[in-house]
Every structure is written in structure tokens, then in C-alpha cells.
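Shown next, in C-alpha cells, is the structure this report addresses.
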Amino acid sequence: MTGLRALALAQVAAGCATVVVGGRTVRAGRGAEARSRLRGEAPAPGAPPWFAAVLARVDVAVEPGRLWPSVRRGAVVAGAALVWWAPVLVAVAAMALVAGALVGPVLARARAAQAFTADLPVAVDAVVALLASGSSLVQAFGGAATRPGPVAADLAVVVARQRQGASLQVALDRWAESRPGVGVGLVADALALAGTSGGSQARALAGVGATLRERAALAREIRALAAQVRASAVVLVATPLGFALVVAAVDQRIREVLVATPLGWACLVGGAALDGAGAWWMARLVGSVR
């Protein structure tokens with residue numbers, strides 16, 4: 001029996017086991033629920049919130065607490081079958097999950113930083129407009145904190161610290177320490193210089209806003225120039241994976257070696273690890289260009 005046939009049989013067996021175990025679990029759960037109600041006991045805990053949300057999204061008219069035990073046991077049976085018959089697929093899936101868990105927060109922080117950087121000049125313009133209308137600096141920061149955007153929450157914290165007894169400059173310095181590298185330091189330094197020299201705070205902030213916009217335009221130009229480098233990196237990372245899939249689909253002998261022998265498993269795991277290391281290194285290089 002070849003590796004592909006074994007894998008197909010394992011998947012079919014896992015599906016049948018899931019159906020059988022799921023049906024028995026649902027019937028057992030209904031019987032246990034009825035016995036608990038007769039004895040006056042509290043019902044068993046229901047499904048997790050995310051599972052109920054998934055059922056609601058796909059519009060499945062089944063109580064999540066009844067369906068969750070069968071899904072959980074079916075997932076255990078299918079996972080055990082995959083680990084036994086297709087350890088390579090399990091290893092690749094585990095590596096993908098680990099990579100997603102590591103890369104996801106990094107990408108989320110990068111997107112949040114980009115949104116904050118884009119919103120900062122707009123918030124500075126709002127403060128300048130309020131200063132030009134006769135508001136004090138604290139009032140201008142408080143008014144800008146009511147506008148939508150990611151910077152508004154930070155401005156509200158600055159105003160709250162000033163109201164709690166800290167000076168406005170100290171609150172701005174603490175804000176700059178909590179947001180390194182996004183232009184907040186320019187705002188704090190410009191207001192500090194304007195306060196010590198007696199200059200116009202509105203004019204200083206207007207200059208900071210213009211500087212931030214110039215930096216944003218320069219960053220966009222750099223990203224555009226680095227687009228070809230990023231595309232080349234993506235091609236270099238995807239080519240080994242695509243070549244392996246094409247060769248395995250064309251040649252049955254290679255497919256059987258990769259799927260059904262320890263040597264093939266080692267080749268797949270080693271190739272995926274080396275490809276991931278190359279992707280990480282090229283991401284570092286592209287990041288340094290940006």
C-alpha cells in the first residue's frame with residue numbers, strides 16, 4: 001500500500017470516526033442533560049464563546065453546548081489519525097501555526113505604528129487650530145483628544161496626567177518615552193524649546209506637522225523603491241515550495257518518497273526550515289532597506 005493510499009484511508013477513517021463518535025456524543029449528552037434535569041443538577045458548561053460565534057456566523061441552528069463535545073472528540077480522533085498516518089503534514093501545519101503566532105503580533109504592531117504615524121500630523125494640526133482660536137495648550141490637547149484616531153487616546157492620557165498634578169512638559173516627555181520613533185519626541189522637544197525661548201507654541205507645532213508630513217512622504221517613496229526588492233524576495237521564498245509541489249504532482253515516485261518514507265519527511269522538514277530561515281533573513285534585509 002502506497003503512502004498516498006494510506007493517507008487517504010486514514011482521512012476516510014478519521015471522518016467516519018468523527019461522525020460515529022459525534023453522533024454517540026450528542027445522544028449521550030442529551031441523555032446526561034435529561035438525567036441532570038431530573039436530579040435537579042446544574043447543566044454542564046457550554047461551548048466556548050468563539051465556537052458559538054462561528055456557529056452564529058455560518059447560521060447553524062444547533063445549540064453550541066450540544067455540538068461542541070462531538071466536535072471536540074472528532075477533532076481529537078482526526079488529529080490522532082493525522083499524527084499516525086501523516087506526520088509530515090502535522091509538522092508543516094505546526095510550523096505554520098507557530099510562524100503565524102510569531103509573525104501575527106509583529107504585523108499587528110507594525111500596522112498600529114503606521115496608523116499612529118499617519119494620524120499624528122492630523123492631531124498636531126488640530127492642536128494648532130485650537131491654539132489659533134485662543135485656547136490654552138492644555139485645552140488644545142484636550143480638544144484634540146476628542147477627535148477620532150489612534151492619537152486621541154494618547155492625548156487624553158497626557159491631559160489626565162496634567163490634571164493629576166504633573167506638569168504638561170513632564171506628561172509630554174513621558175508620552176515621547178512610550179512612543180519612540182513615531183515623531184512624538186519632535187512634539188515634546190518643540191514645545192519645550194518654545195516654552196524656554198518664549199516662542200510661539202502654535203508656530204512650533206506647525207513646523208513639527210510639516211516635518212512629520214515630509215518624513216511620511218519620504219517613507220512612502222522608500223517603500224515604493226523597495227517594492228521590487230520585496231517582490232524578488234517573495235519569488236525566492238515561494239519558488240522552492242512551488243517546485244516541490246509541481247515535481248511531487250508530476251512524478252509518482254518522488255511523491256511516494258516524500259510522503260511515505262522517513263527520508264522524504266526529513267527532506268520536507270529540512271527544506272521548510274531552510275526556506276523559512278531564508279525568508280526571515282530576506283525580510284531583515286528588506287526591512288533595513290526600508
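It should be emphasised that the depicted structure is a prediction, and the values quoted were computed from it without experimental measurement.
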Spatial distance of atom CG (Asp125) from atom CZ (Arg213) [nearest 0.5 Å]:
4.0 Å
Is there a side-chain contact between Arg147 and Val122, using heavy atoms and a 4.5 Å cut-off?
yes
For the CG atom of Leu130 and the CG atom of Leu137, what is their distance to the nearest 0.5 Å?
10.5 Å
With rounding to the nearest 0.5 Å, note down the distance linking CZ in Arg163 to CG in Leu168.
11.5 Å
Can you give me the closest heavy-atom contact between Leu186 and Thr211, atom names plus distance?
CD1-CG2, 4.2 Å
Determine the minimum heavy-atom distance between Ala176 and Ala188, stating which atoms define it.
CB-CB, 4.3 Å
Nearest 0.5 Å, please: how far is CD in Gln201 from CG in Leu131?
6.5 Å
Interatomic spacing from CG in Leu212 to CG in Asp119 - rounded to 0.5 Å:
11.5 Å
Indicate yes or no: at least one non-hydrogen side-chain atom of Trp175 is less than 4.5 angstrom from one of Leu155.
yes
Could you state whether Ile254 and Leu268 fall into the same hydrophobic cluster, counting links through intermediate Ile, Leu, Val, Met, Phe, Trp or Tyr residues with side-chain heavy atoms under 4.5 angstrom apart?
yes
Taking CZ in Arg174 as the centre, count heavy atoms belonging to other residues, nucleotides or ligands within less than 6.0 Å. Is the count above 12?
no
Which atoms form the tightest heavy-atom contact between Ala140 and Ser135, and what is the distance?
N-CB, 4.3 Å
Quick one: closest heavy-atom pair of Ala118 and Pro121, and the distance?
O-CD, 3.5 Å
Tell me whether Val127 shares a hydrophobic cluster with Val138, the cluster being built from Ile, Leu, Val, Met, Phe, Trp, Tyr side chains joined at under 4.5 Å.
yes
Correct closest heavy-atom pair for Ala206 and Val128 would be N-CG2, 3.8 Å
Exercise: identify the closest heavy-atom pair between Ala152 and Ala145
CB-O, 3.3 Å
Spell out, yes or no, whether Leu193 and Val170 are grouped together once hydrophobic residues are joined by side-chain heavy atoms under 4.5 Å, including indirect joins.
no
Mind checking whether Val184 and Leu172 have side chains closer than 4.5 Å, heavy atoms only?
no
